[in-house]
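Reading through the structure tokens given below for one structure.
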Amino acid sequence: MKQWLQKMLYGRYGADQLGTFLMIIFVCLAILNLWLGWPHMWVIYALLLVCCYYRILSRNIYKRRAENQAFMKLYAPVRNWFKDKQERFRDRKTHKYFKCPKCSQRLRVPKGKGDIVITCAKCHNRFDAHT
Ligand SMILES: [Zn+2]
């Protein structure tokens, strides 16, 4: 059985971020539909599942990788926004965040230092701030 599965999956693309995203959409829609009770939702479920399994079992690795890269290009700004908010929340007691007025670089400064001059690490622009 195990050998059969290994043999079947050999040379297949497998799971990736786009596949995971599609499965998360699938689960969210399933939960949402428990509440809404739309009768024809199974068509969307079936399409999502077929799409996921088609991608996982596909032998055209180059094409699946290109699809995933296009997805990651769209998804990266969203992921970075959440990551930024998470870091700001984690450091909220020890650091304060500033934006360089010249180049918009995000700058992290320790809290409780009073009035300071911040030098941008990217463009070396200097500006006053209170931490
Ligand atoms: Zn700057």
Side-chain angles (χ1 to χ4, degrees):
M1 179 70 182
K2 191 178 172 189
Q3 235 177 1
W4 170 83
L5 192 66
Q6 282 179 333
K7 213 173 184 180
M8 202 264 291
L9 292 175
Y10 182 78
R12 308 285 180 159
Y13 182 63
D16 62 0
Q17 290 92 349
L18 177 58
T20 306
F21 177 76
L22 291 174
M23 287 306 256
I24 288 169
I25 295 290
F26 173 80
V27 170
C28 288
L29 284 176
I31 290 169
L32 188 70
N33 202 37
L34 287 175
W35 188 33
L36 296 173
W38 290 338
H40 301 296
M41 200 63 158
W42 66 269
V43 176
I44 295 170
Y45 297 156
L47 284 174
L48 280 172
L49 278 180
V50 165
C51 188
C52 281
Y53 281 105
Y54 174 76
R55 295 190 79 254
I56 287 170
L57 298 174
S58 174
R59 288 188 191 271
N60 194 346
I61 292 169
Y62 176 77
K63 207 167 188 178
R64 300 293 86 81
R65 194 173 288 161
E67 289 167 359
N68 192 51
Q69 280 178 342
F71 167 73
M72 289 307 289
K73 214 173 183 179
L74 292 172
Y75 177 65
V78 177
R79 186 189 58 198
N80 290 342
W81 186 85
F82 279 109
K83 200 173 171 186
D84 178 64
K85 297 300 170 206
Q86 186 184 15
E87 282 176 7
R88 281 173 187 251
F89 186 76
R90 187 192 61 209
D91 299 342
R92 71 190 181 282
K93 288 179 182 171
T94 56
H95 291 83
K96 200 167 181 181
Y97 286 84
F98 292 94
K99 204 173 197 178
C100 174
K102 194 175 172 187
C103 70
S104 300
Q105 173 71 31
R106 186 180 77 147
L107 304 163
R108 193 177 79 135
V109 180
K111 261 187 175 176
K113 301 291 177 190
D115 294 320
I116 57 169
V117 176
I118 299 173
T119 305
C120 175
K122 191 176 174 186
C123 69
H124 304 289
N125 177 39
R126 295 165 68 94
F127 60 98
D128 297 324
H130 182 82
T131 63

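Everything quoted here is computed from the prediction, not taken from an experiment. Order of appearance sets the numbers: ligands from 1, and atoms from 1 within every ligand.
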Check: So what's near the Zn ion (ligand 1), protein N, O or S atoms under 2.8 Å?
Finding: C100 SG, C103 SG, C120 SG, C123 SG
Item checked: CZ (F21) with more than 12 external heavy atoms under 6.0 Å -> no
Can you give me every donor-acceptor pair (side chain of residues 77-86, partner residue at least two apart or in another chain, under 3.5 Å) with its distance?
from : atom 1 : to   : atom 2 : distance (Å)
N80  : ND2    : A76  : O      : 3.3
D84  : OD1    : R106 : NH1    : 2.2
D84  : OD2    : R88  : NE     : 3.2

Item checked: Gap separating the OG1 atom of T119 from the CZ atom of R126, nearest 0.5 angstrom -> 4.0 Å
Next item on the list: For residues 6-21, pull every pair meeting side chain to side chain donor-acceptor pair (under 3.5 Å), keeping only residues two or more places apart or in separate chains.
Entry: Y13-D16, D16-R55, Q17-N68
Checklist line | Validation row: C100, L107 side chains within 4.5 angstrom (heavy atoms) | finding: yes
Can you list, pair by pair, the side-chain donor-acceptor contacts under 3.5 Å of residues 37-47, counting residues two or more places apart and other chains?
from : atom 1 : to  : atom 2 : distance (Å)
Y45  : OH     : L29 : O      : 3.4
Y45  : OH     : N33 : ND2    : 3.4

